[in-house]
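The structure under discussion appears below in the form of structure tokens.
Every number for a ligand or one of its atoms is a count from 1 in the order of the listing. For the single chain, residues carry numbers from 1 onward in sequence order.
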Amino acid sequence: MMHGNLIGGNWQETAQGFDNINPSDTRDIIGRYAASSPADAQAALAAARAAQKQWAASTPQMRFDILDRAAEEILARKAELGDLLAREEGKTLPEAIGEATRAGMIFKFFAGEALRPGGEMLPSVRANVSVEISREPVGVVAAITPWNFPLAIPAWKVAPALAYGNCVILKPAEIAPGCAWALADILHRAGLPAGVFNLLLGQGAILGPILAQQSDAISFTGSTGVGRDVCQTAAAAGTRVQLEMGGKNPLIVLDDADLDTAVECAVQGAFYSTGQRCTASSRLIVTPGIADRFAEALAKATRALRVGDARHPDTQIGPLASEAQMDKVRSYIEGAAAEEAELIAGKEPLHPDQPGHYLRPHLFDHCTAEMAICREEIFGPVASIERVADYEAAIEAANATSFGLASGICTTSLKYAADFKRRAEAGMTMVNLPTAGVDYHVPFGGRKASSYGPREQGSYAREFFTTVKTSYQFAG
Ligand code: NAD
């Protein structure tokens, strides 16, 4: 049986399909999923278009009820959804259940937002005239999502889009379609009218340009290169566009940092979720008074991490999500060795008892800013230590990147913490916390090559998913 598309309220199989493979055990095929054609994309757009007026006119109570029902089901099934997520993406069970919980809470949050879309009433500068500022849905919204948060990212695009009265086409990543399919099934049964939410499975290169051209707004999360293509296509067609893309996030460790906190932040930020997070801290920028102690303690903690099947209770680091990911990360490791970065953890071979994309976390010391591992997003369990002279050099190094998503510091100094929060060129800053790990009710996003357009999540999401109308009325 094939897991099909959901278009216009009907589940539809496609002529072509692809297998969803478990990266912890590549013999395990989770299921067969639809591979849509351009005609399927056109059908999804037509279904969303046909449903748009009615959904835009639906009551906030109806939207609240449906989103809240979906939230309740996601939370009630978080263990089962987390298991599916761990099986198809490769993050560990606690991380995957955490992501399912987060997805449920996002639906709860936006169920509430449906009740408070905002608006203003102002006196005009002219006599006997009133001015009303209201928010309306944008229309048909396409959401294109990556595989690394296959439940939470669809949730944080789909929930606000629906809450503010838009119809949606979700195009999830090819290699982890199971969670998106499960989410579509939940939304369908939660009572959405036909066509309000559509699931379109398949290849981004085929479907993405059609969605970017023909929807009213497109919200994309993925790599910077693909994001820029989406942006160009959308801009040429006049489609509203929002992009969340790559990261190369620094974590500064100052002399006065608490060593245990710094090591914990680095291990969590660099290696958890197998380093496959846009907010991962792959650059560790360290001042001289703590550098040796930090490198030694972090290398020890890194070597102790247990790599294995994502669903095994002892596993701390699951596999990489795909063979392509494995090849890419390995090439960075080989490049770092060629550039003479010093490998201080990760040398020991792994002996997995099943075929999967397993890789030990790798830690390089004595790295320099010019090395590819310090400049480019690796998206795997690889971190580099750059030793710098002092705080000023650290902040300069932290900002010397084309990305600007998250930036962190470990220090016990209020002065440095406050200064860092002001000067870090990033959309999110963390003090004595890992760069990865964020709340669901506040804005998420970055600067420079990491993001484009308004922020996602929290009440800031309404900037993208609504359009403002200013209405004047003569009252005389
Ligand atoms: P990707 O860019 O390869 O794919 C992302 C999505 O885009 C997928 O659904 C894919 O099918 C689709 N796509 C591919 N080609 C397309 C095209 N030509 N037009 C339109 N869509 C197309 O990224 P990925 O490998 O799935 O995810 C990893 C990347 O995502 C990393 O760079 C990571 O930093 C980034 N990411 C960013 C955030 C953030 O919020 N900033 C969050 C998670 C992941």
(message) I'd like to know if E80 pairs up with R77 as an ion pair, taking the criterion as any Lys NZ or Arg NE/NH1/NH2 lying under 4.0 Å from an Asp or Glu carboxylate oxygen.
(response) yes
(message) Going by side chain to side chain donor-acceptor pair (under 3.5 Å), name the residues that satisfy it together with S451, two or more places apart in sequence or in a different chain.
(response) E244
(message) Donor-acceptor check, side chain of E99 to backbone of A152, threshold 3.5 angstrom: yes or no?
(response) yes
(message) My understanding is that only residues two or more places apart in sequence, or in another chain, count here; which of them pass side chain to side chain donor-acceptor pair (under 3.5 Å) with K157?
(response) S219, T221, E456
(request) List in chain and number order the residues that pass salt bridge (Lys or Arg N to Asp or Glu O under 4.0 Å) with R87, two or more places apart in sequence or in another chain; answer none if no residue qualifies. (result) D28
(request) Write down, by chain and number, every protein residue that brings a non-hydrogen atom to less than 4.0 Å from an atom of ligand 1. (result) I144, T145, P146, W147, N148, I153, K171, P172, A173, E174, G204, A205, G208, P209, F220, T221, G222, S223, V226, V230, E244, M245, G246, C278, E377, F379, L405, F444
(message) Students often mix this up, so state it plainly: with edges at 30° and 60°, are the rings of F110 and Y164 parallel, tilted or perpendicular?
(response) perpendicular
